[in-house]
Structures are given as structure tokens and as C-alpha cells.
Amino acid sequence: MPRLAYSAFSLLRQGLNRHRGWPAAWRTPEPKAHYAAIVVGGGGHGLATAYYLARNHGVTDVAVLERGWLGGGNTGRNTTVVRSNYYFPASGALYDLALKLYEGLSRDLNFNIMLSQRGMLMLAHSAHELEFARRTVNAIRRNGIDCTLLDRDQVRRRLPILDMSPDARFPVVGGYRQARAGVARHDAVAWGYARAADARGVDIIQNCEVLGFIFEGGRVVGVETSRGAIRADRVGLAVAGHSGVLAAKAGFRLPITSYALQAFVSEPIKPILHEVVLSSATGVYVSQSDKGELVVGGGLDLHPSYSQRGNLPVVEGVMSGLVGMFPCFANLRMMRSWGGIVDVVHDSSPIIGPAPVPGLYLDCGWGTGGFKAIPAGGTLLAHVMATGEQHPIARPFGLERFRTGALVDEAAASGIAH
Amino acid sequence: MLLIDCPWCGPRDEAEFRCGGEGHIARPDPDTADDATWAAYLFDRDNVKGLGFERWHHRHGCGRWFNVARDTVTHEIRAIYAMTDPKPTGGA
Ligand SMILES: Cc1cc2nc3c(=O)[nH]c(=O)nc-3n(C[C@H](O)[C@H](O)[C@H](O)COP(=O)(O)OP(=O)(O)OC[C@H]3O[C@@H](n4cnc5c(N)ncnc54)[C@H](O)[C@@H]3O)c2cc1C
Ligand SMILES: [Zn+2]
């Protein structure tokens, strides 16, 4: 358990002490020469892996190595949508494991991740989209996950600001909705896992870049870092857009291409949008933050990239789609935009399990949609690192699916996968 | 925003083009390649951070394909060359 539990009582006590008594949320240790397990990447997936190694498997001799700062990658750059309305049973099991863990996470970590299950509405703009929406809803319900088909009037009642006039730029004929979907605070997820892992003895080491791997007898037995060599019985990789770069250092290639994905935030306004709305026709999705800002996202930039800046054509496309759907947003100013480097896989499903070299394990390929999956990615990578066996939910997502052809093709099923 | 110098149309806005992914990928013989070789051909990519070699398609222009040597960090285009040319070396 954390050294100082966060509660109304501790807030009051620290307040009376003018907030001068709060201890650091985690230590800043020097790296040791050897660990039972090393996790590379201090994003949500890496930190969650360390936490579940300690909590579920009693492996506490663990280091998380992060080249920058915690959550400075995609975890701190994403638009924070969480949902589990996926098409294939394997994906449904994976993402619902994550959503169920999210539902109990604030208590589990003693850290408020501000999960807000306000629902998410996917719009259908044509008879064909509506037909496919009906089929998708059936598939999702068969996966045991809540999902409802909405007709045009039901959408209109939920979203009075949506342009549903006869000459609307993007006519809306219906949609479907997952009520348990919503948003959570991204930084809090990273920090909450970091603090809880640290409390169980995990060393969180920032400003420590992994530069290469140490091999013995064909097996990975450690890493070379900007702070020296660190050895470990096994190494997990959770480095998102940089998976290919580290795979090359370990001598193999991955079925991954890295792209920039952008997001945008508007000036704050009064509450106007009460759920997450996504349109795959315009490629735009939007929610309103607790501070009142619109948080807007769209599709990938047009070419592979390792530059955490977006390019202009996508900005234009997203903004014109947003204003086409919600004309009342036309006068809003956008305050910030940024990009993150996402690890895109052909079937838009993640890669979880052993790497092609012994001693190394992967949790990557989450692409544009891995924030919602952080608790599951951590649980499953921890499982395979601790036991050497794939967790049943992870089995369909191993690297071997590209050889056997058993792809989990959510790319074809859902189009946008945020 | 990229300004891409199509060998046939001259410099045009990137929105007219489509990036067709990594170039110079040789197709193995489908009759003799084993599953691992075939999977590597279909799916595995170098995904280089730095100078990479890509195929581009002038989709909303002349419709032709060509190769681009481009830095994936700075986005600087270092060379544009024909589909059948080898990877440029040295100064490229
Ligand atoms: C703009 C945008 C919007 C998104 N919206 C959503 C959304 O709404 N919902 C959703 O579910 N997902 C979304 N995603 C995707 C989601 O953000 C990612 O899938 C998820 O955060 C990946 O988590 P991670 O921990 O694997 O990676 P990251 O958080 O990127 O962490 C990887 C870490 O590895 C570190 N690293 C890299 N190389 C090295 C090295 N050599 N040595 C040490 N450390 C290294 C990096 O610095 C980084 O901190 C979005 C992504 C972006 C960019
Ligand atoms: Zn042309």
C-alpha cells in the first residue's frame, strides 16, 4: 500500500499543515546492476506492467526505464477515450478486461483517475453505415458488452447541437452507443500506476534511455542504457511508436509502422457536449473536458513519421469535419494541438507476448487506441513475463498470427480505432 | 506540410499524394517461400527512424508511382527517383 493514503482526511490534515507535508508520490532511485524484470517504457502500459508484476505475481524486483518523463509519450498525449465496443470476440474480451479494471482502478490504486462513463455515440451517415452499425451492435452484444442501436430521433434527442437539417453537410441517419464508454484522466493513469508500483518496491527510473540489448547465448539478459548496463532475467518492451527502433536493436523486425496522430483542444466553454461523439465518415471524434474545452481528434497523418508534430492537411480535414457536424463550433478558437507517434499494425490489433528472441516480451501495436487498454496491456504483459505462458485473453494477439494468418482484423471491422 | 516534386507534374501539395509504404520490398517466390518468409514479406517493416525509402502515388494528379527518400524525423525529402531505380546512396 502507498505510504500515505490519499483521502479526504489526509487532504484536511495536509491542508492544516499548509500542504508542506506531502511526501513524493514515488522515489527517484539509482538503477541497480540487476533486476528480476525490466520494463522499457514509462507510459501507461509499462507502468501498469510493473504494477501487475508486483501485485498479481509477487515480482517486486522490477525497474521501469523511461527515456524521458513518465507519461510523456502517447499516454500523456491522447484524447482519453475508453470503450470496449469492439467487433471480434477476441477484441471484446481484451478491451472489456481493460474497461472492467478501469471501473475499479481509482480504488485499486488509491488515485483518482477521474473515470467518467458518460457514454460514446458512433454516428451513421448513410443507410449502408446504419446497416453495418446494426451488425456491429449485434456482434458487440454477442461479446457480452453493452451497446445500443439508435435511430435518427434518438440521436437528435441526445445531440441537439448536431446539424440534422435536410441540407446538412453530413446527414445523420442513426448511430450506436456504448453507455459504459467515456473518458479518464490520462496523467492520473500513469501517475497512479507509478505511485502504486513504487509503493510495492518497483524502481521507476526516468531519463534513462535504452540504447541496446545484452545477449548471452542468444538470450536477452539485460539492456545498455544512457545510465549504464542493467541486467535482468527478462525484459518487457512497451515503447509504442518506438517498438520498431528497439526491435532493430534486438535484431528483428515487427509488422508495425509508426505514424503521427494529432489532437486539438479548444478554448473552454460551458457544458454543451455530454458524451463522446465519433463519426467515421468525417474521421472526427470529440468530447468536452471537465474544464470545458473540446478535445478533438481525427485520423492519422498521411505518411509515416517519428516527429511529434502534426501536419496541416489533417488539421484542415478534422476542423472542417467538426464544423460540418456541429456548425455552432465554427467560432471557437483552438488553443493547442500536438502529435504522438503511434505504432500501427495491419489489422489494428495489438501485439502481446514473447518476442522472436528469448528473454524479451512485447506489448505494442496499440496504435491509435491503446489508452483504453492500459490495464489489460499491463495485466497481460506481466502475466507472460512472470509465468512464461500467454494469458488466455492474450493468446490471439501473439506475433505468430501474422504467420498463421489468424489476424484479428479490427481495421476492416471498425475503421477508426481510437 | 510536404511539397512533393512529382517527376511528371512538378512540385505539388502532399494532399494530392498517397504514401504507399516502404519501397524496395522484394516479393519472394510464392511457390517456394515458407509461411515465415511470406509473413515477413507481407507484414514486417524496417519502420526506420531517420532516412527511409518509400513509394508514393500521385493519386489526385497524374496517377503515377515513384520512390521518395525521406527523413521520417525531419520530414526532409532527400531524393525522388523512379520505381525501378535502386536506393540512392552517398549524398542522397
Ligand atoms: C493524439 C492521440 C490521441 C489518442 N487518443 C486515444 C484515445 O482517445 N483512446 C485510446 O484508447 N487511445 C488513444 N491513443 C493511443 C494511446 O495514446 C496509446 O495507444 C497508448 O497511450 C500507448 O501507451 P504506451 O504506454 O504503450 O505508450 P507511451 O505512452 O507512448 O509510452 C512509451 C514510452 O516509451 C518511452 N521510450 C521510447 N523509446 C525508449 C527507449 N529507447 N528507452 C526508454 N524509454 C523509451 C517513451 O518515451 C514513452 O514514454 C491516442 C494517441 C494519440 C497520439
Ligand atoms: Zn504527378
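Order of the sequence lines sets the chain letters (A, B, ...), proteins ahead of strands, with each chain counted from 1.
Annotation: maximal heavy-atom pairing with chain A below 4.5 Å, among B:Arg18, B:Met1, B:Arg45, B:Glu22, occurs at B:Arg45. When A:Gly244, A:Ser305, A:Gly405 are compared by the number of non-hydrogen pairs under 4.5 Å with chain B, A:Ser305 comes out ahead. Per-residue heavy-atom pair counts under 4.5 Å with chain B were compared for A:Ile256, A:Leu312, A:Thr404, and the maximum is reached by A:Ile256. Note: B:Asp44 leads B:Asp71, B:Asp44, B:Asp46, B:Thr72 in heavy-atom pairs under 4.5 Å with chain A.
Atoms CG and CG, on A:Leu254 and B:Asn47 in that order, are 8.5 Å from each other to the nearest 0.5 Å. Taken from NE2 in B:His75 to CZ in A:Arg309, the straight-line distance is 6.5 Å, to the nearest 0.5 Å. Residue B:Leu42 holds its CG atom at 8.0 Å from NE2 of A:His346, rounded to the nearest 0.5 Å. How far CZ of B:Phe17 is from NE2 of A:His303: 12.0 Å, rounded to the nearest 0.5 Å.
Looking at A:Leu302, both its backbone and its side chain come within 4.5 Å of chain B, counting heavy atoms on both sides. Heavy atoms of A:Leu407 lying under 4.5 Å from chain B belong exclusively to its side chain.
The shortest side-chain heavy-atom distance between A:Ser258 and B:Lys49 does not fall under the 4.5 Å cut-off.
In the displayed structure, A:Arg227 atom CZ is contacted under 6.0 Å by more than 12 heavy atoms of other residues, nucleotides or ligands.
Nearest heavy-atom pair across B:Ala39 and A:Arg403 is CB-CA, 3.8 Å.
A:Tyr306 contributes no side-chain N or O that, together with a main-chain N or O of B:Val48, makes up a donor-acceptor pair within less than 3.5 Å.
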